[in-house]
Amino acid sequence: MTELGKVAVTVTVRNPYARAAKLDVRLVGPTGWKGTSASLDADARADVSCELSIAPNGLCRRQPFALELTADGRPFGQVAEALITVGGRQF
């Protein structure tokens with residue numbers, strides 16, 4: 001549960017290639033939500049982490065948001081999902 005504003009999320013992704021690659025990650029949510037993105041350099045098959053944030057546009061209950069991955073320009077789509085509740089006392 002969180003109050004309105006940005007929610008910090010630590011994400012960890014694995015380079016799907018057997019070579020070093022640039023991984024672009026982005027948090028996405030429902031229409032009107034604003035997620036941040038990052039570019040990460042990853043060795044072959046290595047895990048890398050960073051902190052991103054997402055800002056819901058209002059109160060919500062168990063609303064999903066996702067992490068999109070692009071590796072060296074190839075989109076892998078949404079590779080992880082989480083749920084968030086904003087305004088929990090109202091529910």
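Since the structure is predicted, the reported quantities are computational estimates derived from the model, not experimental observations. Just the heavy atoms: all of them, side chains too, but no hydrogens, waters or symmetry mates, feed the values below.
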Restricting to non-hydrogen atoms, name the atom on [X] and the atom on [Y] that form the minimum distance, rounded to 0.1 Å.
{"X": "Cys50", "Y": "Ala38", "value": "SG-CB, 4.0 Å"}
{"X": "Pro56", "Y": "Val86", "value": "CG-CG2, 3.8 Å"}
{"X": "Leu40", "Y": "Ser49", "value": "CD2-O, 4.4 Å"}
{"X": "Leu23", "Y": "Ala71", "value": "CD2-CB, 3.6 Å"}
{"X": "Glu51", "Y": "Thr10", "value": "OE1-OG1, 4.1 Å"}
{"X": "Asn57", "Y": "Thr31", "value": "ND2-O, 3.5 Å"}

Between [X] and [Y], is there a donor-acceptor pair closer than 3.5 Å when you use the side chain of the first and the backbone of the second?
{"X": "Asn15", "Y": "Ala46", "answer": "no"}
{"X": "Thr36", "Y": "Leu52", "answer": "no"}
{"X": "Asp72", "Y": "Lys22", "answer": "yes"}

State plainly whether one hydrophobic cluster holds both Leu67 and Val48, where clusters connect Ile, Leu, Val, Met, Phe, Trp and Tyr through side-chain heavy atoms under 4.5 angstrom apart. yes
Hey, quick one: are Phe76 and Val28 part of the same hydrophobic cluster, counting side-chain heavy atoms closer than 4.5 Å, chains of contacts allowed? no
Pairwise distance [atom1]([X]) to [atom2]([Y]) - rounded to 0.5 angstrom:
{"X": "Ile54", "Y": "Lys34", "atom1": "CD1", "atom2": "NZ", "answer": "11.0 Å"}
{"X": "Arg61", "Y": "Leu83", "atom1": "CZ", "atom2": "CG", "answer": "11.5 Å"}
{"X": "Arg74", "Y": "Leu69", "atom1": "CZ", "atom2": "CG", "answer": "10.0 Å"}

#### Entry: Aromatic plane relationship, Trp33 with Phe65 - under 30° parallel, 30 to 60° tilted, over 60° perpendicular
tilted
So does Arg19 have more than 12 non-hydrogen atoms from other groups sitting under 6.0 Å from CZ?
-> yes
query = What do the steps show when you test Ile84 against Cys60 for side chain to side chain contact (heavy atoms under 4.5 Å, CB included), and what is the final call?
reply = CA-CA 8 Å; Ile84 186 172; Cys60 61; 4.3 Å; yes
Next item on the list: Would you check if Glu68 and Thr70 make a side-chain contact, meaning some heavy-atom pair closer than 4.5 Å?
Entry: no
